[in-house]
Amino acid sequence: MRQSLIIAIAIAGIFLSRADLAQSAEYKIEVGDKIAFNVAAMPQLKTQSTVGLDGTITLPLVGQIKAADLTMDALLQSVREKISSKVFRRKADDGRDIPTMFSPDEVSVSIAEYRPIYVNGDVSQPGEKSYRPGMTVRQAIAVAGGYDVMRFRAQNPLLDEADFRGEYNTQWTKYVEQQATILRLKAVLEHKAKFDRKAMDDTPIPDSVANQIATLAGEQLQTSNALYEKQKAYLQSAFKTASDRVAALTQQEQKEKEGADFDNTEVDRVQALYNQKTVPITRLLDAKRAILISATRYLQTVAQRGQSERDRDELKSKLDKLDDERRQDALAELQTAEVKLATVRSRLQALGDKLLYTGLVRSQLVRGTGAAPSIVIYRHKDDKRQTIDAGQSAELMPGDVIDVALQKIPEPGSATGKKLLDAPSREGSNN
């Protein structure tokens with residue numbers, strides 16, 4: 001009997017806590033809360049609606065109604081005001097529609113489900129979690145599977161660190177390769193025979209590898225420049241030849257025209273003599289044959305000159321486009337190289353973080369993890385964003401984001417981060 005009474009009191013306490021939060025004048029409904037609607041006389045109207053991004057919910061007989069930023073009392077009052085003038089038609093047993101009106105007291109609204117909280121950081125199962133009234137940080141961490149020192153699920157942090165470091169060095173090599181490509185392409189755009197490789201020296205890869213990459217990039221630049229000069233020389237030579245041919249055909253065309261004009265004059269003269277019966281018909285025919293031949297030659301020369309001019313103009317166009325096309329190709333390659341460089345840089349940042357973290361995991365495994373975790377709650381309340389440094393007993397609110405860190409991770413590039421990145425190499429040298 002006593003045990004049953006204790007259970008009943010505990011259950012009642014849970015519901016009272018939930019009701020207190022729902023009816024609290026301080027708690028305001030937000031986007032993501034799920035609202036339950038019920039009419040005592042009409043169970044079929046019972047429904048639930050989630051507050052949308054526009055801050056409204058959709059309820060039977062009411063339609064869309066604003067809910068965000070309202071307390072439950074204010075929402076209930078608004079719903080009752082709208083529903084007091086509504087007439088609901090329900091089907092009778094005989095199929096007739098019976099108009100029905102409700103008393104505002106029969107209508108109730110409540111929070112069926114609060115918007116979730118989010119747990120992030122050093123927990124086994126980070127992500128979205130259901131909120132319960134009165135929930136504390138400790139309970140949220142328990143729901144998320146508890147603390148997880150091995151955040152990356154490392155079976156052996158020493159082996160994982162070795163893998164990360166190998167990938168880290170590989171990405172640095174790719175980084176230097178993209179730098180060499182960018183320097184080579186910029187030299188092409190600036191019409192230079194060499195490029196300055198100083199930007200490639202400040203990297204952790206071995207000098208022999210950096211020198212080899214720079215040498216290959218330099219050879220590619222020389223080959224590209226040589227090919228460009230050959231193409232340019234060929235087009236210039238072909239253009240000069242075509243120009244000379246046009247000039248020669250122009251002179252020939254002029255001579256052919258003079259010959260055709262002379263033959264035409266000769267035909268007129270012979271025709272006049274033939275009309276006077278002073279020359280035979282054969283003389284006139286020879287004159288006409290001569291003008292036909294000279295006219296044909298003239299037309300052929302005109303056609304050849306026209307084709308030669310088109311060939312010359314096409315070569316001139318190719319010669320003019322040669323620099324533009326080379327620049328366009330170099331710019332396209334440069335854009336691709338810049339994107340790849342940014343991708344490699346991001347990958348290096350991620351691997352640097354992983355190296356820092358695995359180094360911390362290794363040190364924690366050696367000396368233990370007795371320090372209290374760092375817990376930060378990010379909360380949105382009254383259109384303001386709050387950042388709260390909290391303990392494990394702090395109570396949560398719907399929509400809170402909890403960031404859990406067993407130990408603060410140094411930023412890559414900081415003094416602590418550099419020491420941590422250098423630690424394996426120093427340990428290896430000591431051993």
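It should be emphasised that the depicted structure is a prediction, and the values quoted were computed from it without experimental measurement.
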Between R80 and V107, is there a donor-acceptor pair closer than 3.5 Å when you use the side chain of the first and the backbone of the second?
yes
So how far is it from Q307 CD to Q304 CD, rounded to the nearest 0.5 Å?
10.0 Å
Residues forming a side-chain contact (heavy atoms from CB on, under 4.5 Å) with A67, sequence neighbours excluded:
I29, V51, I57, L75
Identify all side-chain donor-acceptor contacts of residues 333-343 below 3.5 Å with residues at least two apart in sequence or on another chain.
unit_1, atom_1, unit_2, atom_2, d
T336, OG1, A332, O, 3.1
T343, OG1, V339, O, 3.0

Roughly how far, to the nearest 0.5 Å, is the CD atom of E30 from the NE2 atom of H380?
7.0 Å
Only counting residues at least two apart or in another chain, list the ones meeting side-chain hydrogen bond (donor to acceptor under 3.5 Å, both in side chains) with N264.
none
Would you please name every residue forming a salt bridge (charged side-chain N to carboxylate O under 4.0 Å, His left out) with E309, sequence neighbours left out?
R305
All pairs passing salt bridge (Lys or Arg N to Asp or Glu O under 4.0 Å) where residues 239-250 contributes a residue, at least two apart:
K240-D244
With the side chain counted from C-beta on, respond yes when K66 and S78 share a heavy-atom pair under 4.5 Å apart, and no when they do not.
no
Pairing residues for D329 by the salt bridge (charged side-chain N to carboxylate O under 4.0 Å, His left out) criterion, not counting sequence neighbours
none
I want to check something: taking the side chain as every heavy atom from C-beta on, are V246 and S308 in contact at a cut-off of under 4.5 Å?
yes
Under 3.5 Å, is there a donor-acceptor pair between the side chain of D400 and the main chain of R379?
no
Test item: I141 and I375 side chains (from C-beta on) under 4.5 Å apart, heavy atoms
yes
I'd like to check the salt bridge (charged side-chain N to carboxylate O under 4.0 Å, His left out) partners of D69; sequence neighbours left out, ordered by chain and number.
none
K321: what forms a salt bridge (charged side-chain N to carboxylate O under 4.0 Å, His left out) with it, not counting sequence neighbours?
none
For Y175, the ring-ring contact (aromatic ring centres under 6.0 Å, His included) test, sequence neighbours excluded, returns W172
Test side-chain contact (heavy atoms from CB on, under 4.5 Å) applied to Q236 - qualifying residues, sequence neighbours left out
K232, L319
State, yes or no, whether a side-chain contact exists between R312 and F239 at a heavy-atom distance under 4.5 Å.
yes
Can you list every pair that meets side-chain hydrogen bond (donor to acceptor under 3.5 Å, both in side chains) and has a residue in residues 52-63, with sequence neighbours left out?
D54-T56
Does any non-hydrogen side-chain atom of E253 lie less than 4.5 Å from one of Y298?
yes
Passing candidate, side-chain contact (heavy atoms from CB on, under 4.5 Å) with I377, options T387, V137, D389, D403
V137
Supply the atom-to-atom distance I388 CD1 to I402 CD1, rounded to the nearest 0.5 angstrom.
10.5 Å
Answer whether the closest heavy-atom distance between the side chains of Q77 and E81 falls below 4.5 Å.
yes
Show the atom names and distances, to 0.1 Å, of all donor-acceptor pairs under 3.5 Å that link a side chain in residues 183-191 to residues at least two apart or in another chain.
unit_1, atom_1, unit_2, atom_2, d
R184, NE, Q220, OE1, 3.3
E190, OE1, K192, NZ, 3.0

